[in-house]
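Notes for the one structure printed next.
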Amino acid sequence: MIEYIIRDMVSVFRYLPYGLVVGILVAIILAAVNDRRVRRLKKPIPVAAVTSFFMYTAIILFITFLSRENGSRSGIDLQLFSTWGINARNNAYVVENVLLFIPYGFVCAWAIKEARKFSRCVLLGFFTSIAIECLQLVTGRGYFQIDDILTNGLGAILGHILFRCVLNEERTGAQRAKLVYIILAVLTMLAMVLGVFAFSSESSADSNEFSMRVAGYVVETVNRWLNVGLSAEQIKTVTVFMNPLLRKLAHASEYAALAVVFAFGYQMMKQKRSKVVNFFYAVIMCGLIAVMDELLQKYVFFRTGRALDIAIDLCGAIAGGCVYVFLSELFDFLAGSEE
């Protein structure tokens, strides 16, 4: 069962970039909204909490709904505990459903003041789970199972308990905020790093097959949208040509996102540190991870570790560091902290 859980949790990391995109968009919108609220002498919206809530909600939707084909699954199971004890695969699903909603219960209580009451947080967790199950049933993207609702609700309960443990009343507001920032930064960094190593651990054949599917989808989509009129043979030829380019672009994009996460994580841990210093810390850390990644591919994962990939990863990290500096300056400008 543990092997299934680890494998499924690793596969979840591929949805993290989508959550980061949502988080960045929400943070930009909230920064602009807070600028207006401060000018009107209103209390600003907690950007970190609300951004985390929307980011994790988006990840849940991708995992439970948008990652599946329409009409691929259907059925209703209202029998209690019907999914537990059948086999290790089903037992892993039960545990994963609990784990999935633990962060949700935490960010829910953190972002929504009314949800800091235990009953309201739990009700919101159950309501969210029921909404997802109904969407899965209507679209045929999943089974409506009462066990899923119960396990998701249990996860929300554990998340709320974790929130109360971290943000207890004995700490000052500044101490609680700093502790939460550090926890989120560390968890996000670990998730990104594990995601990098998880993709590297795939066999060359599996990795190439996945990238070929992505390249084929991109070529077919462009062909359809622009009405180029490529034949099936021409699409196949362009896909073969585009595949290595997309693989390198994916490498660079992966480390660009990692650099952004590292840089903002460092900023959360030490607010007064210079943005340029955070930039260099993030790039250096990404460079070390890139070297470790290639060494693991060569000596552990039985793939080819190449210096070219390290250079591409570093270019992506530098680009991500520049994005961090731009976004950080933009947030400061919108918040009115700079003239």
Identify every side-chain donor-acceptor pair in residues 19-34 under 3.5 Å, counting partners at least two apart or on other chains, and give the distances.
unit_1: Asn34; atom_1: OD1; unit_2: Ile45; atom_2: N; d: 2.6
unit_1: Asn34; atom_1: ND2; unit_2: Ile45; atom_2: O; d: 2.9

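Within 6.0 Å of OH in Tyr18 there are 12 or fewer heavy atoms belonging to other residues, nucleotides or ligands. Applying the 6.0 Å contact sphere to CZ of Arg36 captures no more than 12 heavy atoms from other residues, nucleotides or ligands.
Placement of Leu327 and Phe280 within a single hydrophobic cluster is found when ILVMFWY residues are connected by side-chain heavy-atom separations under 4.5 Å, directly or transitively. When hydrophobic clusters are built by joining Ile, Leu, Val, Met, Phe, Trp and Tyr residues whose side-chain heavy atoms come closer than 4.5 Å, directly or via intermediates, Phe326 is grouped together with Phe264. In the hydrophobic clustering of ILVMFWY residues, with side-chain heavy atoms under 4.5 Å counting as a link, Leu314 and Phe279 come out together. A continuous path of hydrophobic side-chain contacts links Ile76 to Ile130 [ILVMFWY only; heavy atoms under 4.5 Å]. Under the 4.5 Å side-chain heavy-atom criterion for grouping Ile, Leu, Val, Met, Phe, Trp and Tyr, Leu258 is connected to Val277 within one hydrophobic cluster.
Side-chain contact between Asp147 and Tyr93 is absent, with no heavy-atom pair separated by less than 4.5 Å. Counting only heavy atoms from C-beta outward, the side chains of Val325 and Val276 never approach each other to under 4.5 Å. A 4.5 Å side-chain heavy-atom check between Val122 and Phe126 finds at least one atom pair inside the cut-off. Proximity of Phe144 to Ile149: side-chain heavy atoms (C-beta onward) are separated by under 4.5 Å at one or more points. Considering only heavy atoms from C-beta on, Thr221 comes within 4.5 Å of Arg224 through its side chain.
Outside the 6.0 Å centre-distance limit, the rings of Phe262 and Tyr281 are not counted as a close aromatic pair.
Note that OG of Ser253 is 10.5 Å distant from CG of Asp313, once rounded to the nearest 0.5 Å. To the nearest 0.5 angstrom, His160 atom NE2 is 8.5 Å from Ser119 atom OG.
Within the structure, ring-ring contact (aromatic ring centres under 6.0 Å, His included) pairs that include any residue of residues 40-61 comprise Phe53-Tyr104 (at least two apart or interchain).
With sequence neighbours excluded, the residues that form a salt bridge (charged side-chain N to carboxylate O under 4.0 Å, His left out) with Lys248 are Asp309.
For Arg37 against Pro44, the heavy-atom pair with the smallest separation is NE-CA, 4.2 Å. Residues Tyr324 and Ala263 approach most closely at CG-CB, 3.3 Å, considering heavy atoms.
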Q) When you look at Leu100 and Glu96, which way does the side-chain contact (heavy atoms from CB on, under 4.5 Å) test go after all the steps? A) CA-CA 6 Å; Leu100 181 65; Glu96 290 163 12; over 6 Å; no
